[in-house]
Amino acid sequence: MPIAQNPLSVEVTLPREEVALIKVEGYLDVDTATEFQHHLANQLHHGRRHFLLDLSAVPFMDSSGMNIILRVYQEVRELPGSVHIISPTPAVLRVLDLTGVSITVPVSASVEEALSRVDAEPEGPRVPEA
C-alpha cells in the first residue's frame with residue numbers, strides 16, 4: 001500500500017466546550033481534504049459550534065481545502081457558530097485573499113485573537129433579514 005507523499009496531520013484540542021481548535025500540518029489538497037473534512041464533521045457531530053483552524057503549518061492549499069472551509073462555515077452559521085482561520089502561511093493567505101474567502105471567513109493572527117472574536121459574537125439563532 002503506497003504511503004501518501006504529502007501526509008496531513010490534524011490535531012484537535014478543545015479550548016472551550018463549544019470551541020474546537022484544529023491545527024493542520026501539511027498540504028491541504030485534493031489528496032488530503034477528505035481527512036480534514038472528517039475531523040470537522042466529527043467535531044460538528046459532538047456539538048462544537050466554533051472552529052479555529054490553525055493553518056500556520058500548511059504550505060499549500062488548493063480549492064479542495066477552501067471548499068471544505070466554506071462548507072463548514074455555511075453549516076455553523078445556522079447554529080449560530082463561526083469559523084476562524086489562524087496564522088495562514090503567506091501562500092495560503094494569498095489563495096484566501098485572491099478567492100475572497102478571507103473576506104467571508106475571518107483571519108486572525110493568534111488563537112487568543114480568534115477566541116476574542118468568538119466572545120464578541122452575538123448569541124442566539126440568526127434570524128434571516130426581511
Derivation of the side chain to side chain donor-acceptor pair (under 3.5 Å) call for H38 and N42: CA-CA 6 Å; H38 286 303; N42 184 45; over 6 Å; no
How close do [X] and [Y] get, counting heavy atoms only, and between which atoms?
| X | Y | value |
| --- | --- | --- |
| P106 | V83 | CD-O, 3.3 Å |
| V107 | S102 | CG2-CB, 4.0 Å |
| D29 | S64 | C-CB, 3.9 Å |
| A109 | S87 | O-OG, 2.7 Å |
| P59 | A91 | O-CB, 3.6 Å |
| T32 | L8 | O-CD2, 3.5 Å |

Taking atom [atom1] of [X] and atom [atom2] of [Y], what is their separation to the nearest 0.5 Å?
| X | Y | atom1 | atom2 | answer |
| --- | --- | --- | --- | --- |
| R16 | H50 | CZ | NE2 | 8.5 Å |
| H39 | I22 | NE2 | CD1 | 8.5 Å |
| T89 | R94 | OG1 | CZ | 12.5 Å |
| S56 | I85 | OG | CD1 | 12.5 Å |
| D54 | E25 | CG | CD | 9.5 Å |
| L115 | I86 | CG | CD1 | 7.0 Å |

Candidates L96, L53, L70 - the one meeting side-chain contact (heavy atoms from CB on, under 4.5 Å) with V105: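 Only one of L96, L53, L70 forms a side-chain contact (heavy atoms from CB on, under 4.5 Å) with V105, namely L70.
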Check: V118 main-chain N/O paired with S82 side-chain donor or acceptor under 3.5 Å: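 No; judged by distance alone, with no hydrogens or angles, the pair does not exist.
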Minimum side-chain heavy-atom gap I69-F36 below 4.5 Å: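 I69 vs F36: side chains touch.
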Given R49, R48, H46, Q43, the one that forms side chain to side chain donor-acceptor pair (under 3.5 Å) with E18: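 It is R49, the one option of R49, R48, H46, Q43 that forms the side chain to side chain donor-acceptor pair (under 3.5 Å) with E18.
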Derivation and outcome, salt bridge (charged side-chain N to carboxylate O under 4.0 Å, His left out), residues E113 and R117: CA-CA 6 Å; E113 180 183 335; R117 286 181 171 189; 3.6 Å; yes
Test side chain to side chain donor-acceptor pair (under 3.5 Å) applied to S9 and K23, step by step: CA-CA 8 Å; S9 168; K23 180 159 179 52; over 6 Å; no
